[in-house]
Amino acid sequence: MNQLTQQIYQHVCQLDPDQKEFQQAVYTFLLSMDKIVDELPEIGYHKVIERMVEPERAIIFRVPWIDDEGRLQINRGFRVQQSSALGPYKGGLRFHPSVNLSIMKFLAFEQVFKNSLTGLPMGGGKGGSDFNPKGKSEAEVMRFCQSFMTELYRHIGPDTDVPAGDIGVGGREVGYMFGQYKRITDTFTGVLTGKGQSFGGSLIRPEATGYGLVYFCNEILQGEGKKLEGKTCLVSGSGNVAQYTVEKLNQFGARVVTLSDSSGMIYDEEGITPEKLEYVKQLKNVKRGRIREYAEKYKGVTYIPRTGEGANPIWDIKADYAFPCATQNEINEEDAANLIKNGIQLVGEGANMPCAAAAEKLFIDKGVLLAPAKAANAGGVAVSGLEMSQNSMRLKWTSAEVDQKLQQIMRGIYENASAAADKYSEHNNFVDGANIAGFLKVADAMIAQGYV
Ligand code: NDP
Ligand code: 2IT
């Protein structure tokens, strides 16, 4: 690290020594900044990076709700409004017991550069709660969402901050939160994205992150004269991003052999066909079941339970391409070494920060094509941006129109990240390319808007 980035990193670690995920996201970002800070002295002069690592605002609030037994439950709610340099704060809400300020800040920080890469006018933010939706009744989820929004509403708005979904928050939760916002404020606006189709949601938003991931990786592969067709792929997770990644990989003629959840993984050598994927969607989205049930339904499928923190068996299966689509740090250094040993050629990050810093370094050092989350999973927020446009214009585009715009945006991100990599780093270093391309636009806006 050079002197400036080293100082910034030390300062971040001293200020918040417990925020390991946030420190990790800042650290890997600063490694890319090393490639440009000497060439662009105005970055240091205007303290652009120092400002970026401090959220404009971070709100923490109490969320009280009554469970089905009539008992009062209390959770903690968050909204980190990281940067409004490019537009209203924009980013998802995560409901998961692991949620804390460090995780919220890492996600909000990365969101700023991701949103910049989309080319749409969106700042960056993230929020959520340590509420665990697993095992809760429909009524409990609704009451929680209503209470969460009863506090959050005063901090958001269609021109201020526009939340959406993330882990544990899908169409159902967005619907309940939208209903409560509308009721409290007496306004029908595009204050949330990922809404249902009957009340302002955009077509292709549910599909967008997974589809966008595959479009982006396809651009990288094409640049190398490689393709998806006929290739074996590993996908982790079995939620929104994983499901639509499998759907698009199937459409490109690839064979996906794995899915997982926090309890374990399935290995289906024959491939997760469109018919089997429909079963997964029903199982996860309607029945809210576990991926283990896939192995009970289909013959020749192995289920491997997840035990302990060590190497994850999902990353020790021979395949051409891997798509981590579950959560942060799901690929550690040992997992990366296993993937490389088995000849992996591309890792496409559907989840946010799925690779530990050491894993990321190993992939780059060994020449594995790494499609970083900020670029590769930007399709979700991109279509959220398109949902905001449609809400403002009070019209609705067709699936084909939205899909075409999504493809254009992902191609644009690939071209920008690629060009920034070639100019400031090395060919095919999409980690540096995405960080630098995303950063430069935010930096320009921050310098132009003065010291705010
Ligand atoms: P979902 O809630 O739909 O699915 C999450 C999946 O990941 C589930 O299979 C879940 O398993 C698994 N998972 C979650 N936490 C853990 C954990 N700590 N350990 C192991 N497995 C875990 O979420 P999404 O598909 O929306 O999100 C997946 C990833 O993609 C996240 O990193 C998210 O930030 C990112 N992302 C999402 C976007 C979106 O539009 N939804 C956009 C861009 C990125 P289980 O059911 O057992 O918890
Ligand atoms: O991480 C992400 O980009 C998201 N969860 C989607 C955010 C959004 O506003 O659609």
Side-chain angles (χ1 to χ4, degrees), residues 21 87-99 103-104 106-115 117-118 120 122-128 132-135 161-174 190-195 201-202 204-213 235-246 259-266 280-281 283-285 288-292 305-306 309 312 314 323-331 348-355 373-388:
E21 292 84 1
Y89 309 108
K90 180 86 196 85
L93 296 170
R94 175 177 292 190
F95 292 170
H96 193 272
S98 64
V99 161
I103 291 178
M104 294 287 96
F106 114 66
L107 289 162
F109 181 72
E110 298 218 323
Q111 196 79 44
V112 175
F113 309 105
K114 182 194 304 190
N115 293 3
L117 284 169
T118 67
L120 300 173
M122 300 182 288
K126 199 83 185 192
N132 185 0
K134 259 189 225 119
D161 184 352
V162 183
D166 193 78
I167 291 176
V169 178
R172 173 180 67 164
E173 292 75 18
V174 168
V191 68
L192 289 156
T193 60
K195 299 184 291 297
S202 176
I204 306 293
R205 177 62 190 87
E207 294 87 347
T209 312
Y211 280 17
L213 170 64
V235 175
S236 67
S238 48
N240 172 270
V241 179
Q243 289 169 18
Y244 290 103
T245 297
V246 176
L259 280 172
S260 67
D261 57 27
S262 55
S263 313
M265 60 163 286
I266 56 111
V280 173
K281 288 182 186 171
L283 174 69
K284 295 304 263 188
N285 310 348
R288 301 193 183 267
R290 309 301 294 159
I291 202 65
R292 174 181 36 78
R306 181 88 176 104
E309 287 288 301
N312 190 335
I314 199 169
F323 299 88
C325 295
T327 193
Q328 65 273 359
N329 290 325
E330 57 173 309
I331 299 185
E349 297 186 337
N352 286 307
M353 204 166 76
C355 296
K374 286 183 196 85
N377 74 27
V381 76
V383 174
S384 278
L386 301 178
E387 183 168 322
M388 289 166 71

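Keep in mind that the numbers below use all heavy atoms, side chains included, and drop hydrogens, waters and symmetry copies. In listed order, ligands and their atoms are each counted from 1.
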In sequence, state the C-alpha distance, the side-chain angles, and the governing distance for M265 and I291, and then conclude on side-chain contact (heavy atoms from CB on, under 4.5 Å). CA-CA 7 Å; M265 60 163 286; I291 202 65; 6.0 Å; no
Set out, in order, the CA-CA distance, both residues' side-chain angles and the distance that settles side-chain contact (heavy atoms from CB on, under 4.5 Å) for V280 and L259, then state yes or no. CA-CA 10 Å; V280 173; L259 280 172; 4.0 Å; yes
Pairs of nitrogen or oxygen atoms closer than 3.5 Å, one from S262 and one from ligand 1: do any exist? yes
Any N or O of V169 closer than 3.5 Å to N or O of ligand 1: no
Check: I314 and R306 side chains under 4.5 Å, non-hydrogen atoms: no
Chain-and-number sorted residues having a heavy-atom contact under 4.0 Å with ligand 2 are K90, G91, G92, Q111, K114, K126, A164, G165, D166, R205, N352, G380, V381, S384
Measuring from atom CZ of R292 to atom OG of S260, what distance do you get when rounded to the nearest 0.5 angstrom? 14.0 Å
In this structure, does ligand 1 have an atom that sits under 4.0 Å from one of the heavy atoms of S260? yes
Heteroatom distance test (K134, ligand 1): nitrogen or oxygen, under 3.5 angstrom: yes
So, does R290 sit close enough to ligand 1 that a heavy atom of it is under 4.0 Å from the ligand? yes
Quick one: does S98 get a heavy atom under 4.0 Å from ligand 1? no
Do R205 and K195 have side-chain heavy atoms sitting under 4.5 Å apart? no
Ligand 1 to G168, heavy atom cutoff 4.0 Å, flagged ligand atoms 2 (O)
Taking atom SG of C325 and atom CD of E330, what is their separation to the nearest 0.5 Å? 7.5 Å
Mind checking whether K90 and L120 have side chains closer than 4.5 Å, heavy atoms only? no
Residues in ring pair (Phe, Tyr, Trp, His ring centres under 6.0 Å) with F106, at least two apart? none
Ligand 1 versus A373: contacting region, heavy-atom distance under 4.0 Å: neither
Going by the order shown, which atoms of ligand 1 are within less than 4.0 Å of some heavy atom of A351? 29 (C), 30 (O), 32 (O), 35 (C)
For N312 and I331, indicate whether the former's side chain and the latter's backbone hold a donor-acceptor pair under 3.5 Å. no
Is the side chain of E387 donor-acceptor paired with the backbone N or O of S202 at a distance under 3.5 Å, no angle test? yes
So between V381, V241, D261, whose heavy atom ends up nearest atom 25 (O) of ligand 1? V241
If we set the cut-off at 4.0 Å for heavy atoms, which region of Q328 has an atom near ligand 1: side chain, backbone, both, or neither? neither
Those atoms of ligand 1 less than 4.0 Å from some heavy atom in C325: 28 (C), 29 (C)
Side chain, backbone, both or neither: which part of E349 has a heavy atom under 4.0 Å from ligand 1? neither
Answer whether the closest heavy-atom distance between the side chains of D261 and K284 falls below 4.5 Å. yes
Quick one: pull up NZ in K126 and CG in N352 and give me the separation to the nearest 0.5 Å. 5.5 Å
Under a 4.0 Å heavy-atom limit, does I167 contact ligand 1 with its side chain, its backbone, both, or neither? both
Please say whether D166 places an N or O atom under 3.5 Å from an N or O atom belonging to ligand 1. yes
Is the shortest distance from a heavy atom of R94 to ligand 1 less than 4.0 Å? yes
With the threshold set at under 4.0 angstrom, would you say Q243 reaches ligand 1 through any of its heavy atoms? no
Once you round to the nearest 0.5 Å, how far does CG of D161 lie from CG of L192? 9.5 Å
If you scan the protein for heavy atoms around atom 10 (C) of ligand 1, do you find one that is closer than 4.0 Å? no
Distance-only, no hydrogens or angles: does the R288 side chain make a donor-acceptor pair with backbone N or O of L283 under 3.5 Å? no
OG of S98 to CD of E21, rounded to nearest 0.5 Å, is 8.0 Å
Nearest non-hydrogen contact with atom 28 (C) of ligand 1 belongs to which option: G237, S238, A326? A326
Is there a polar contact between ligand 1 and K284, counting only N or O atoms under 3.5 Å apart? no
